[in-house]
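Both counts, for ligands and for their atoms, begin at 1 and track the order of listing.
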Amino acid sequence: MSEFNEKPERLIVDGLRLDGRKFDELRPIKIEASVLKRADGSCYLEMGKNKVIAAVFGPREVHPRHLQDPSKAVVRYRYNMAPFSVEERKRPGPDRRSVEISKVSKEAFEAVIMKELFPRSAIDIFVEVLQADAGSRTACLNAASVALVDAGVPMKGMITSVAVGKADGHLVLDPMKEEDNFGEADMPFAFLIRNGKIESIALLQMDGRMTKEEVRQAIELAKKGALQIYQMQREAILRRYIEVGEEMDEITEGDEDA
Ligand code: CDP
């Protein structure tokens, strides 16, 4: 049993959160692009204790064929939680929660993927949660976005996602499990970011209670966090391009030697 299964007396102590973060601080993030050999694009991502992997396939033929759209690609998104990813073993397979997360996440990507370029085809996005600690949908959206770029799928921008919670009356960026369980609100966002600028909100959900003013502040806090995550997504992609460039150089040098 986790030490945090019971409500801690306070979620904020001396102006800091239980994991030592400031209100506007993200959890540590790690992103690695191109981790799976068989996917067209992939990404491994950690956001705090969340560990997720995204795999993208396509554009490819649609099966079953009656799902084809003659004018554009269909986007499919499957969010899946491993049974061992949570404290209490999760029954394998889809449940209401994962169906809902898959639906809203798919809709966020439909807003950015240039589907019209690929009529009759499918772009399949699979995300697997290996370890969850609140905000797993946001971690998956961030990983999926990098995996789509890795697959070379044309997009109008990046999808970058982060939640804002409310703990002991304070708005907190990127809530972890204890804040999600025992806080007063949770508001996940996904933004469409193009050239470093937030263009629109592609996903917005909310449970709990916030005042109108808090909602306004939550949007600002989420934007600030998302821009930081966006930079890390970019860096992960650039790192991968540099690696590919070096691999290409080695191949070319090899050719010259021959
Ligand atoms: O993960 P996310 O915050 O996007 O979704 P949620 O439905 O708000 O779930 C919050 C957290 O509850 C998850 O990240 C898991 O840590 C936990 N959870 C769980 O322990 N068992 C489940 N069957 C589902 C979620």
Asks: Taking R216 first and then E213, would you say they form a salt bridge - that is, a charged N and a carboxylate O separated by under 4.0 Å?
Replies: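 Looking at E213 together with R216, the answer is yes, because their closest N to O distance falls below 4.0 Å.
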Asks: Find out if a path of hydrophobic residues (ILVMFWY) with successive side-chain heavy-atom gaps under 4.5 Å connects L173 to F23.
Replies: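 As far as the 4.5 Å side-chain criterion goes, F23 and L173 are not connected within one cluster.
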Asks: Tell me the nearest of M176, E88, R137 to atom 6 (P) of ligand 1, using heavy-atom distances.
Replies: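 Of the listed residues, R137 has the closest heavy atom.
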Asks: What residue and atom, counting heavy atoms only, is the protein's closest point to atom 13 (C) of ligand 1, and at what distance?
Replies: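 Nearest neighbour among protein heavy atoms for atom 13 (C) of ligand 1, to 0.1 Å: A134 N, 3.7 Å.
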Asks: Nearest protein heavy-atom contact for atom 1 (O) of ligand 1: which residue, which atom, what distance?
Replies: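 Nearest protein contact, heavy atoms only, for atom 1 (O) of ligand 1 is S136 OG, 2.6 Å.
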Asks: Do V75 and K115 pass the side chain to side chain contact (heavy atoms under 4.5 Å, CB included) test, and can you show the C-alpha distance, the side-chain angles, and the key distance before you say yes or no?
Replies: CA-CA 8 Å; V75 176; K115 308 185 296 275; 3.8 Å; yes
Asks: Could you check atom 19 (C) of ligand 1 against the protein and tell me its nearest heavy-atom contact, residue, atom and distance included?
Replies: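 Looking at atom 19 (C) of ligand 1, the protein heavy atom closest to it is V86 CG1, 3.3 Å.
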Asks: For a quick check under 3.5 Å, do S136 and N50 share a side-chain donor-acceptor pair by atom type?
Replies: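 No - no donor-acceptor pair under 3.5 Å links their side chains.
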Asks: Under a 3.5 Å cutoff, is there a donor and acceptor pairing between the side chains of S98 and D95?
Replies: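 Distance-only check passes for S98 and D95.
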Asks: So which protein heavy atom does atom 23 (N) of ligand 1 come closest to, and at what separation?
Replies: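 Closest protein heavy atom to atom 23 (N) of ligand 1: K90 CG, 4.1 Å.
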Asks: Give the single entry among M81, Q205, R89 that approaches atom 25 (C) of ligand 1 most closely by any heavy atom.
Replies: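 Going through M81, Q205, R89 one by one, M81 has the nearest heavy atom to atom 25 (C) of ligand 1.
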Asks: What's the shortest distance from atom 12 (O) of ligand 1 to any protein heavy atom, and which residue and atom give it?
Replies: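 Result: K177 NZ, 3.6 Å.
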Asks: Going by the atom numbers of ligand 1, which of them fall below 4.0 Å from some non-hydrogen atom of D180?
Replies: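 Counting from 1, the qualifying ligand atoms are 8 (O), 10 (C).
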